[in-house]
There are 2 protein chains.
Amino acid sequence: MARAGLTADRVTLTGAELADEVGLEHVTMSAVARRLGVKDASLYVHVRGLEDLRGRIALLAADEKTIRIAEATAGRAGKDALVAFADSWRAYAHAHPGRYTATQIPTQIDPELAARAAGPRRAVELTYSMLRAYELAEPDLTDAVRLVRSTLHGFVSLEAAGGFAHARPAEASWARCLDALHALLERWPASREGDPS
Amino acid sequence: MARAGLTADRVTLTGAELADEVGLEHVTMSAVARRLGVKDASLYVHVRGLEDLRGRIALLAADEKTIRIAEATAGRAGKDALVAFADSWRAYAHAHPGRYTATQIPTQIDPELAARAAGPRRAVELTYSMLRAYELAEPDLTDAVRLVRSTLHGFVSLEAAGGFAHARPAEASWARCLDALHALLERWPASREGDPS
DNA sequence: ATTAAAACCTAATGACCCTAGGATAAGCCT
DNA sequence: AGGCTTATCCTAGGGTCATTAGGTTTTAAT
């Protein structure tokens with residue numbers, strides 16, 4: 001009987017595929033084992049358990065998404081870069097809904113694992129460099145990074161949850177939101193003393 | 001033996017409490033039953049199953065959050081209203097993390113149930129009225145509503161997932177993001193033809 | 001008091017997570 | 001080539017959980 005040739009990565013990838021097809025909450029050890037033609041218990045050699053598997057899927061997704069964004073924004077600047085950044089973010093979430101939701105779980109990941117996967121860190125760094133053209137100084141830059149990331153994630157998340165049902169196409173609102181973000185970044189409001197009203 | 005006096009609402013509330021304490025993913029039929037001093041099977045009289053329970057928790061949370069926001073924004077307008085709106089949104093998420101994550105699951109809720117709970121609908125309507133002072137015309141108004149909701153939800157969601165770790169306090173970024181949103185809403189960019197760069 | 005409708009329980013099935021210990025394939029060394 | 005080592009994969013089994021079916025008891029209405 002030939003061996004299945006499993007590795008942690010293969011198990012993770014199978015879990016990720018399953019997540020995109022049936023939803024992350026239906027990714028079970030048993031289901032992954034079934035798809036790999038293997039008994040459940042065999043997976044525990046490669047993966048610590050279900051929690052660990054979920055964490056690995058999340059890191060895989062973060063890596064993949066970061067790479068897509070890096071490719072899309074390479075050689076662009078300003079609004080061009082912002083739109084490429086945002087569109088590839090959203091495209092990844094649409095193409096891989098299960099993987100994307102995996103990135104949202106506040107799971108405490110094996111630190112040894114987290115060190116090797118640079119996805120999340122690089123994702124934030126990419127956002128900083130993408131905003132470079134807007135010439136913001138700290139701490140405004142950090143605030144802007146957080147605002148942009150919040151808006152993109154929030155939009156995609158609400159969209160996935162069916163929050164924009166039946167009305168104006170989400171597509172159109174997305175484009176306008178990016179326009180708005182761009183305009184905002186170009187005229188980032190000065191420090192405090194916001195005038196009321 | 002006295003009867004426990006269960007109702008669908010009591011079961012839902014217990015599930016919601018549990019969600020805030022141990023996380024939504026650990027809300028199980030068994031755990032809810034244990035806390036109520038009842039056998040698992042007894043819950044199925046009041047609730048269709050775990051999916052249904054989760055949906056009910058989500059609707060409860062939406063209702064509660066909407067009420068808080070409505071109270072906070074009553075009698076306010078402009079930036080004052082925006083800040084009150086956003087702060088109470090975030091405060092609810094912090095006070096009830098389990099309930100809040102329940103609102104994110106794209107669960108298909110019993111339509112008969114969804115009709116009675118007006119939370120999600122009213123939440124969106126509230127956002128529209130909160131933005132009234134900025135005098136936007138459709139379809140910009142809808143886009144602005146979606147932008148604001150996306151940003152608030154995204155910020156809270158990333159914050160909960162530990163996305164803003166160790167650097168500048170989230171509190172400070174939050175305040176600046178609201179400043180920025182306010183500035184943006186006051187000068188919402190005109191329709192199309194965004195200048196590149 | 002009788003009866004009807006619930007609420008609640010016992011019992012049982014099947015899925016799933018995970019551990020422990022045994023068998024076996026793959027590569028390595030001589 | 002043959003034996004040793006190692007890691008892979010399996011069999012077995014215990015525990016939790018979701019869910020259904022059917023019985024029993026409380027509650028309240030007639």
Side-chain angles (χ1 to χ4, degrees), chain A residues 1-58 98 101-102 105-110 112-113 116, chain B residues 1-59 98 101-102 105-110 112-113:
Chain A
M1 179 76 55
R3 212 150 269 195
L6 297 189
T7 68
D9 286 346
R10 251 172 74 66
V11 173
T12 304
L13 188 61
T14 305
E17 290 169 4
L18 212 50
D20 289 335
E21 292 170 22
V22 302
L24 183 66
E25 67 279 9
H26 296 120
V27 173
T28 94
M29 287 289 140
S30 316
V32 172
R34 259 193 305 275
R35 168 166 298 208
L36 286 166
V38 152
K39 297 294 175 187
D40 329 17
S42 307
L43 300 181
Y44 288 81
V45 177
H46 307 282
V47 154
R48 222 184 276 285
L50 184 59
E51 281 284 284
D52 183 40
L53 175 58
R54 292 241 246 258
R56 286 169 187 269
I57 294 175
T101 60
I105 53 177
T107 183
Q108 59 286 6
I109 293 173
D110 184 358
E112 178 232 339
L113 196 65
R116 253 191 310 144
Chain B
M1 179 74 56
R3 208 151 271 192
L6 297 188
T7 66
D9 285 346
R10 249 171 76 67
V11 173
T12 304
L13 188 61
T14 305
E17 290 168 4
L18 213 50
D20 288 336
E21 291 170 22
V22 300
L24 184 66
E25 67 279 9
H26 296 121
V27 173
T28 88
M29 288 289 140
S30 315
V32 172
R34 260 193 304 276
R35 168 166 296 213
L36 286 165
V38 152
K39 298 294 174 186
D40 323 19
S42 307
L43 300 180
Y44 289 82
V45 177
H46 308 282
V47 154
R48 224 185 274 287
L50 184 59
E51 281 284 283
D52 183 40
L53 175 58
R54 292 241 245 259
R56 285 169 188 269
I57 294 174
L59 288 182
T101 61
I105 54 176
T107 183
Q108 58 285 5
I109 294 172
D110 185 356
E112 176 233 340
L113 197 64

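Each chain gets a letter, A, B and so on, in the order the sequences are listed, and its residues count up from 1. We use all heavy atoms of the structure for the numbers below, so side chains are in, but hydrogens, waters and symmetry mates are not. Because the structure is predicted, anything quoted here is derived from the model rather than measured.
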note = In short, the helix from dA1(C)-dT30(D) to dC16(C)-dG15(D) is bent end to end, axes from five pairs each side, to 10°, by 10°
Please tabulate the protein-to-nucleotide N/O contacts below 3.5 Å involving nucleotides 11-17 of chain D, giving atom names and distances.
unit_1  : atom_1 : unit_2 : atom_2 : d
dC17(D) : OP2    : R34(B) : NH1    : 3.4

query = Is there side-chain contact between L53(B) and L43(B), with heavy atoms separated by less than 4.5 Å?
reply = no
inquiry  = I'd like to check V47(B) versus M29(B) (side-chain heavy atoms, cut-off strictly below 4.5 Å). Are they in contact?
reply    = yes
Rounded to whole angstrom units, what separation is found between the [atom1] atom of [X] and the [atom2] atom of [N]?
| X | N | atom1 | atom2 | value |
| --- | --- | --- | --- | --- |
| Y44(A) | dG21(C) | OH | P | 17 Å |
| L36(A) | dC10(D) | CG | P | 10 Å |
| H46(A) | dC9(D) | NE2 | C1' | 8 Å |
| L53(A) | dC17(C) | CG | P | 10 Å |
| R48(B) | dT20(D) | CZ | C1' | 15 Å |
| E25(B) | dC16(C) | CD | P | 19 Å |

Given dT20(D), dC8(C), dC17(C), the nucleotide with the shortest approach to the side chain of V45(B) = dC8(C)
ask   = Can you list every pair that meets side-chain hydrogen bond (donor to acceptor under 3.5 Å, both in side chains) and has a residue in residues 11-24 of chain A, with sequence neighbours left out?
value = D20(A)-H96(A), D20(A)-R99(A), E21(A)-R35(A)
Closest heavy-atom pair and its distance - [X], [Y]:
| X | Y | result |
| --- | --- | --- |
| V27(A) | G15(A) | CG2-O, 3.7 Å |
| S30(B) | D40(B) | OG-OD2, 3.2 Å |
| T7(A) | H46(A) | CA-ND1, 3.8 Å |

